[in-house]
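Just so it is clear, the structure is predicted and the values come from calculations on it, not from any experiment.
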Amino acid sequence: MAKIIPLLASEEFAKRISPISDNLSGKYLLSALREAQEIHLKSVIGSALLERCKDLIADGSIDNSTNADYAELVERCRYYLAYWAIAECTMTTSFKVANAGVVRTTDEHLQSPTFAEVALIKKEYQNKADFYCYELQKWLRANSSQFPELTECDCERISANLGFSATCGVFLGGPRGK
């Protein structure tokens, strides 16, 4: 039986805080949230801290007063995850992989945007995700003593990255903005 991965952000949360359509299928949004969490957030907070947050959510103890720091962390992560997922959804809802190959979604009463227009919208949401990533990293640096998992690292896990937050196709070799 496949293990269900607890999500830090929900479909309802992403729809509530953003202007995306309430009709957006969970098939797309939940997949994007999972990817945002397991790939992008993990590269920011590290494997150990992400696993700790998922465990607290899975067993329902995230709301205990003893876990207040983790609850605040999860709340801050939700915004980053939501905007990253929305950025991913702009492409997956515009272009679909089907038996006929990659197809563009159209309707007789709607005009489909060009690839460049979709990329601009995606970049706008990525910029918002980058902002929340930067805020999350600043908060984690200021509160790092509350999260011993930030210093846990071995070769099989991803360590936390609190140095840069901008989405860029090229690694520039170090923290930005310092």
Between Val118 and Ile121, does the side-chain contact (heavy atoms from CB on, under 4.5 Å) criterion hold? Intermediate values first, please. CA-CA 5 Å; Val118 173; Ile121 298 298; 5.7 Å; no

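- Across all their heavy atoms, Lys42 and Ser47 have their closest contact at CD-OG, 3.6 Å.
- Nearest heavy-atom pair across Val44 and Tyr80 is CG2-OH, 4.1 Å.
- Contact check for Asp130 versus Tyr83: no side-chain heavy atoms found under the 4.5 Å cut-off.
- Linking ILVMFWY side-chain heavy atoms closer than 4.5 Å, directly or via other members, places Tyr125 and Ile17 in a single hydrophobic cluster.
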Go through the steps to decide whether Glu75 and Arg78 satisfy the test salt bridge (charged side-chain N to carboxylate O under 4.0 Å, His left out), and finish with yes or no. CA-CA 5 Å; Glu75 186 61 29; Arg78 285 180 175 147; 3.0 Å; yes

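- A heavy-atom distance below 4.5 Å is not found between the side chains of Leu56 and Val74.
- When all heavy atoms are compared, the tightest approach of Phe147 to Asp69 is CZ-O, 3.5 Å.
- Atoms CG and CD, on Leu140 and Gln137 in that order, are 8.0 Å from each other to the nearest 0.5 Å.
- Screening residues 29-51 for ring pair (Phe, Tyr, Trp, His ring centres under 6.0 Å), with sequence neighbours left out, gives His40-Trp84.
- Residues Ile57 and Leu7 share a closest heavy-atom pair of CD1-O, 4.1 Å.
- Glu135 and Lys138 are joined by a salt bridge, as a carboxylate oxygen and a charged side-chain nitrogen come within less than 4.0 angstrom of each other.
- Residues passing the salt bridge (Lys or Arg N to Asp or Glu O under 4.0 Å) test with Glu124: none are found, sequence neighbours excluded.
- With sequence neighbours excluded, no residue forms a side-chain hydrogen bond (donor to acceptor under 3.5 Å, both in side chains) with Glu35.
- Side-chain atoms of Gln37 come within 3.5 Å of backbone atoms of Pro6 as a donor-acceptor pair (strictly under, hydrogens ignored).
- Listed here is the closest heavy atom pair of Cys77 and Leu8: CB-CD2, 4.1 Å.
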Given side-chain contact (heavy atoms from CB on, under 4.5 Å), test Leu136 with Ile45 step by step and report yes or no. CA-CA 9 Å; Leu136 174 62; Ile45 68 173; 4.1 Å; yes

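- Looking at residues two or more places apart in sequence or on another chain, you find a salt bridge (Lys or Arg N to Asp or Glu O under 4.0 Å) between Glu72 and Arg76.
- To the nearest 0.5 Å, atoms CG (Leu81) and SG (Cys133) are separated by 10.0 Å.
- Residues passing the salt bridge (Lys or Arg N to Asp or Glu O under 4.0 Å) test with Lys54 are Glu38, Glu51, sequence neighbours excluded.
- Contacts of Tyr70 classified as side-chain hydrogen bond (donor to acceptor under 3.5 Å, both in side chains), with partners at least two apart in sequence or in another chain: Glu149.
- Nearest heavy-atom pair across Ala32 and Cys89 is CB-SG, 3.8 Å.
- In this structure, the side chains of Leu73 and Trp139 come closer than 4.5 Å at one or more pairs of heavy atoms.
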